[in-house]
Novice: 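Handing you this structure, nothing more for now.
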Amino acid sequence: MESISGSKNCDRKTKVKELRYICGISCEEFKNEIYPKRVPVVLRGFDLGSCTSKWTVEYLVSQAGDKKVTTHVSEIPQMDFLNKNFLYRILPFSELVKRASQDSNEEFFICPEEKYYLRSLGDDPRNTVANIEEQFPQIANDLNIPDLFPAKSFFSSVFRIASKSTQLWTHYDIMDNILMQIKGRKRVVLFSPQDAHNLYLQDGKSTVLDIDNINTEKFPLFLKATRYECILEPGDILFIPALWFHNVISEEFGIAVNVFWKHLDPALYNPKDPYGNKDPLAMQSATQIVDRAIKTLGVLPPEYKDFYARLLVSRIERKCYLKQSNDDTEEPSTEDS
C-alpha cells in the first residue's frame, strides 16, 4: 500500500504535523496494522458506492425532499456549541440542501448569507440513534460503508450537510469513528487527547473558536498543543480514534457520513445516550468524586487548599497519565506501510 503526506501549509506559531494519507489498503490491513496504533489517518481508495457521483443537490432533493430535518442556522461560519450562537430550525430536507449549497438565499432566518449545518438525528432523538438506513432509506443504498470495524459494534451512522466555510467547534467523541467525505473539500484539524489541558475545555469542548487566528493573550497554552491537519477530498475516509479532538471546516458545500462504533465493553457506555457523546460511566463517577474532593478541601485556608489540590493532581498524573507524550506519536511517512 502507498502512503503519502499532505496538508495545507500553516504559518501559525502552533506545532503542525501533517496527517498521514494511506492509499490501497485493505480492510484487514487497516484492522491489523493501522487501527491498533490509535492515531488518525486518511484512507484513500475505498469504494464508497455510487453516492460520490449520484448525491447531487438535484438528486437528493428528488429522493428525500419531503423529510423534515432539524438544522443549525448561524449568522457566522464558526459555530459555538457552548454559547449557542446558532438557531435550531426545522426545514424540509429539499429546502435545506438547496440553501446550504448556495452562498446567499432569498429566503432565510437571520440573513441571506447565513450558514446551515445538518447533523442527522434518530426518528425519536431522545431515544433512538441516527441511522442513515432508517432516516434516509431512499438514498442509503447508494452508500457503501467499508468493513473497517466489527458489524456487531456498530452504533450509528450520521448524515451531515454543511454550507461552504462552516466551521464546527473543537470537540471529542467517546467512540471510534470514520468520517466519509462524499461531496466537497473539508479541512480537519485534530489534537491528541494528551493535549486536553492546552485546549481551554468547557464541558468537553474547546472555548477557542477561531483556531486559525488565536488570541494568544487569552489562550496562551493553545500554542503548546500539537495540531494534526488534513484535507479531505470526495471519497476520502478519515479515521478518528475516540478522544481525539477535531475541528472541521467545510471549504466547499459538503456532504459526509460519520459511522461510530463501540470499541469498549458495552457495559462501560451510558445506555441512555442516543447521541453517543456522553462520557463513559466510570468518568461520570470519577467526576462526582472529584467534585466531592473539591468541596472537602474548601474548608481549608486558600494556601492549604491550593497545596493539597496540587498533591491530588500529581497523584492522578502519576497513577493515570500515559507515559508517552504526543511528541512520540507516529510521524507521517512517505514510505510504503
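Keep in mind it's a predicted model, so treat the numbers as computed, not measured.
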Novice: Check whether any side-chain heavy atom of F253 lies under 4.5 Å from a side-chain heavy atom of S163, and answer yes or no.
Specialist: no

Novice: CD1/I34 to CD1/I25 distance, rounded to the nearest 0.5 angstrom?
Specialist: 4.5 Å

Novice: Taking CD in E75 as the centre, count heavy atoms belonging to other residues, nucleotides or ligands within less than 6.0 Å. Is the count above 12?
Specialist: no

Novice: Assert yes or no for the condition that the ring centre distance of Y88 to H72 is strictly below 6.0 Å.
Specialist: yes

Novice: Taking everything shown except K278 itself, do over 12 heavy atoms lie less than 6.0 Å from its NZ?
Specialist: no

Novice: Between D195 and K15 (salt bridge meaning N to carboxylate O under 4.0 Å), is one present in this structure?
Specialist: no

Novice: Just wondering, do S156 and Y275 contact through their side chains at under 4.5 Å, heavy atoms?
Specialist: no

Novice: Measuring only between side-chain heavy atoms, which start at C-beta, is F81 closer than 4.5 Å to K84?
Specialist: yes

Novice: Is the closest basic N to carboxylate O distance between K31 and D147 below 4.0 Å?
Specialist: yes

Novice: Should L91 and V73 count as side-chain neighbours, where that means a heavy-atom distance under 4.5 Å?
Specialist: no

Novice: Indicate yes or no for a side-chain donor-acceptor contact from N247 to the backbone of V188 under 3.5 Å, with no hydrogens or angles considered.
Specialist: no

Novice: Is the ring centre of F155 less than 6.0 Å from the ring centre of Y269?
Specialist: no

Novice: How about CD on E133, more than 12 heavy atoms from neighbouring residues, nucleotides or ligands closer than 6.0 Å, or not?
Specialist: no

Novice: Can a side-chain donor-acceptor contact be found between E114 and Y116 if the only test is distance below 3.5 angstrom?
Specialist: yes

Novice: Could you state the interatomic distance from CD1 (I211) to CD (Q78), rounded to the nearest 0.5 Å?
Specialist: 9.0 Å

Novice: Are F222 and F191 near enough that their ring centres are under 6.0 Å apart?
Specialist: yes

Novice: Assess whether atom CG of N141 is packed by more than 12 heavy atoms of other residues, nucleotides or ligands within 6.0 Å.
Specialist: no

Novice: Using a strict cut-off of less than 4.0 Å between a Lys/Arg side-chain nitrogen and an Asp/Glu carboxylate oxygen, indicate whether E233 and R185 qualify as a salt bridge.
Specialist: yes

Novice: Looking at Y35, is K37 sitting on its ring face, NZ or CZ under 6.0 Å from the six-membered ring centre and within 45 degrees of the normal?
Specialist: no

Novice: Under 6.0 Å between the ring centres of F93 and F136?
Specialist: yes

Novice: Counting neighbours of NZ on K164 that are heavy atoms of other residues, nucleotides or ligands and sit closer than 6.0 Å, is the number greater than 12?
Specialist: no

Novice: Give the minimum heavy-atom separation between I178 and N258, together with the two atoms involved.
Specialist: O-ND2, 3.1 Å

Novice: Can a salt bridge be assigned to the pair D80 and K205 using a cut-off of 4.0 Å between side-chain N and carboxylate O?
Specialist: no

Novice: Would you say D173 and H246 make side-chain contact, with heavy atoms under 4.5 Å?
Specialist: yes

Novice: So does E303 have more than 12 non-hydrogen atoms from other groups sitting under 6.0 Å from CD?
Specialist: yes

Novice: Please check if the side chain of N270 supplies one atom and the backbone of K272 the other of a donor-acceptor pair under 3.5 Å.
Specialist: yes

Novice: Just wondering, are more than 12 heavy atoms of other shown residues or ligands nearer than 6.0 Å to CZ in F108?
Specialist: yes

Novice: Classify the ring geometry of W261 against F149: parallel below 30°, tilted from 30° to 60°, perpendicular beyond 60°.
Specialist: parallel

Novice: Pick one: which of E252, Q181, E251 meets side chain to side chain donor-acceptor pair (under 3.5 Å) with K186?
Specialist: Q181

Novice: With a cut-off of 6.0 Å (strictly less than), are more than 12 heavy atoms of other residues, nucleotides or ligands near CG of D291?
Specialist: yes

Novice: Pairing donors with acceptors under 3.5 angstrom, does anything connect the side chains of K115 and S165?
Specialist: yes

Novice: Flag the pair L199 / F219 as yes when at least one side-chain heavy-atom distance between them is below 4.5 Å, and no otherwise.
Specialist: no

Novice: Do you know which of I182, L60, I255 makes side chain to side chain contact (heavy atoms under 4.5 Å, CB included) with C51?
Specialist: I182

